[in-house]
Amino acid sequence: MSQSASAVEPPPSKVRRTSFNEGTGRLAALLLSPTLIVLVLVVVYPIISALRESLYTSGGIGDDGFVVEGTQFVGLDNFAAIFSGETGERFWNAFYNTTFFTVTCVVLETLLGVLMALVMHKAFKGRSIVRASILVPWAIPTVVSALLWKWIFQADGVANAVLGTQVLWSTEGWQSVLSVIIADTWKTAPFIGLLVLAGLQTIPDEVYEAAKVDGASPWKTFTRITLPLVKPALLVAVLFRILDTLRIFDLPYVLVGPNKESVETLSILAFLEANQTRYGPAAAYATLLFVYVAVVAYAFVKLLGADVIGEARQTGKKAGRRKKGGA
Amino acid sequence: MRFERSHTRKAVALTVASSLVLFAAACGSGDDGSGGSGGSSGGALEGRGPIKFATGKDTSGNLKNQVDAWNAQHADEKVEITELPESADQQRNQMISNAQIKSTEFSVLNLDVVWTAEFAANRWITELPEDQFPDLGKLLPSTVETGKYRDKLYAVPVTSDGGLLYYRKDLLDKAGVKAPTTWAEMKDACAKVKALPEAKAASCYAGQFEKYEGLTVNFSEAINGAGGVVVGDDGKPNVDTPEALEGLNFLVDGFKSGEIPKAAITYQEEPGRRAFQEGNLIFHRNWPYVYALANKTDGSSKIAGKFGVAPLPGLKGPGVSTLGGHNYAISAFTPNKATAADFIKFMSSEERQKANVEKTSQAPTWASLYDDPELNKQFPYLAPLKASIGSAKSRPQVVKYGDVTTAIQEAAYGALNGTTPPKDALAGLQTKLSTLITQ
């Protein structure tokens, strides 16, 4: 369209080239705009809206007994309140719990997940059944699995019957933390297993044959061939799990219950505030969690070089490009 | 033409920015709202037409029959049931979300008794002129109180609920003791029953002590049963008293001595009921719904026909139950308030309540129904339940009920766990409630 327009009035060649680019750019912007608008609507707007919300407060009770209507701008007061006094202790406890769950669960899930992937990768009879059964936990909604585990961990439940003890799993203390870790690992190790399995399947058999010919031990084969080659997939899986576990909510909330110090996480704090219709402080908690997740994700990508977005680009282009992508 | 290109970029940026501003503005206007449209004045209830009735999931299966009875008589003012989730928290959340956008979707709201203050103070429900509800005097007075906020009526009680003491009648008879009316009698009775060989492994007593709303209920009952209060009649917290301490100590000592089993700290209604049905408990505090289930003869209950019910025991005499139940209120935003009011009158009428009790065993609020001989034959627990509800106390009627109940649970749970001395728990609770309740 713009090309035909430029043909009517022939400008100098240099300008013409620019105008061609100009036209393409405009067309690109036009074609991309639906996507951009959707992204703005579903990603940018909620974030900005939550940030805005976190600066407001509402809900004081007037002398007439009625709630004062409307919202008041309070600047950073909601954030200041989170870090002061008893609320501060609660916040740091939740922060610690969130971090502890993330580190412990992701480490356990990674170990188990890789193990599962190695098993699923092996060719043996009934492999498809093993694959399917390993994936079952991942297919169950988290809340449902939380209810299942709650049932297992109740005072007269299966866990106590099997162990032959009377552990009260949902009470404060290490046992409630352990129950959440067990349930989370059970549920999400298959996820890592699945992604790692996909990575394993891209490794050509020739490499293993060559290792065998060279007389490499199974352990050496695993550490020198399997791990490095599966690393991109593994890192993406671990990154996803970290992001997911940082906002862990369903398991501690349903399995153990709200207001339990031992398993209270940042998402639970945000939820409890919103549940009391205090949306300002709730948004402040959510914003802090958002920043925390963003920082951790950034650090993870920077430190370990997990190439989340560059993956497709890398495989599509030549090796020379890979250096650039990695840098 | 670099200029033009940057111009385009600017235009794009401007468009995006302005659309964001628009959104923010649209959202902002929703937040700020124009006050006073709620019609919280106690004036006339006007407007007729079809309405929607928002209620929690109907587990009784009888609600449809009740509403059908209304619809058969009112062709132009049909009522449609909107079932919300089974969880009370989610019902409350959905009703609040609807109220916050001033939706006209729901007309009549089925509110848990503890939500009245919050909904009234936020102007989400309409004040009801008491003279338009002449039958209020025939309802149990304690239940009518739960529909009030600052002495003004906002909701009409339709179902009630009170705690009952379930006891193993077979074992008590064998040991030659009667149903206890005080905690000391219960302790003695338990000791005598446990002397029997078949009751050796059983524990004395359990209620609901997991950290959730049930703990607030049981804690309040212990405090009230010893003559104390959590929040006084003047609306001020007064929980740091010797009476309250004695009440709390009933539970704390029970856990210490093992009369209340250790596992009871994880009991909600259902685990407690299972323990009682398995024959692991001699006395058990629970709601009336347990009666039918524990009497099932399909093998799910080992104690069918072997238990009795009594009002809760207290320190020096009969105890004090915490009041449960549901009230119907009119949304402040519905245009058809007259229809809504008529529907509430209809549902709380003697005829409807009787029909409902017969089918569902939900506790009615209509006082005379408790003395109906036929109903008493069908539901032998009605007499003790009337005593329980008649003297029952409601939980604090405060706007920030969610915070108050959390504070109560925090204090009670710490004391029962043995992590906080009971005296400190009450003192801490008093301080906390004082900052939460500023009336």
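Numbers restart at 1 for each chain; the letters A, B, ... are given by sequence-line order, proteins then strands.
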Task: chain B contacts, top residue of A/Lys260, A/Glu261, A/Gln154, A/Gln166 (heavy-atom pairs, under 4.5 Å) - done: A/Lys260
Task: Leading residue by heavy atom contact count with chain B [cutoff under 4.5 Å; candidates A/Asn259, A/Thr171, A/Thr277] - done: A/Asn259
So, taking the atom named [atom1] in [X] and the one named [atom2] in [Y], what distance separates them when rounded to the nearest 0.5 Å?
| X | Y | atom1 | atom2 | value |
| --- | --- | --- | --- | --- |
| A/Asn275 | B/Ile96 | CG | CD1 | 7.5 Å |
| B/Asn280 | A/Asp156 | CG | CG | 8.5 Å |
| B/Thr419 | A/Glu172 | OG1 | CD | 8.0 Å |

- [ ] Please say whether more than 12 non-hydrogen atoms of neighbouring residues, nucleotides or ligands are located less than 6.0 Å from CZ in A/Phe290.
- [x] no
Open item on the list: Tell me whether A/Tyr96 at atom OH has more than 12 heavy atoms from other residues, nucleotides or ligands lying less than 6.0 Å away.
Closed with: no
Would you mind checking which part of [X] comes under 4.5 Å of any heavy atom in chain A, side chain (CB onward), backbone (N, CA, C, O), both or neither?
| X | value |
| --- | --- |
| B/Glu270 | neither |
| B/Glu278 | neither |
| B/Lys432 | side chain |
| B/Tyr413 | side chain |
| B/Asn122 | both |

Open item on the list: Minimum heavy-atom separation for A/Ser170 and B/Thr266, please, with both atom names.
Closed with: OG-CG2, 3.5 Å
Open item on the list: If you compare all heavy atoms of B/Asp403 against all heavy atoms of A/Arg278, which two are closest, and at what distance to 0.1 Å?
Closed with: OD2-NH1, 2.6 Å
TODO: Let me know if A/Val256 has heavy atoms under 4.5 Å from chain B in its side chain, its backbone, both or neither.
DONE: backbone
Task: Note: A/Asp64-B/Arg123 ion pair, threshold 4.0 Å (strictly below) - done: yes
Task: Any donor-acceptor pair under 3.5 Å from B/Tyr267 side chain to A/Ala155 backbone - done: no
Open item on the list: Consider side-chain contact (heavy atoms from CB on, under 4.5 Å). Of B/Val399, B/Val398, B/Ile437, which one does A/Ile61 pass it with?
Closed with: B/Val399
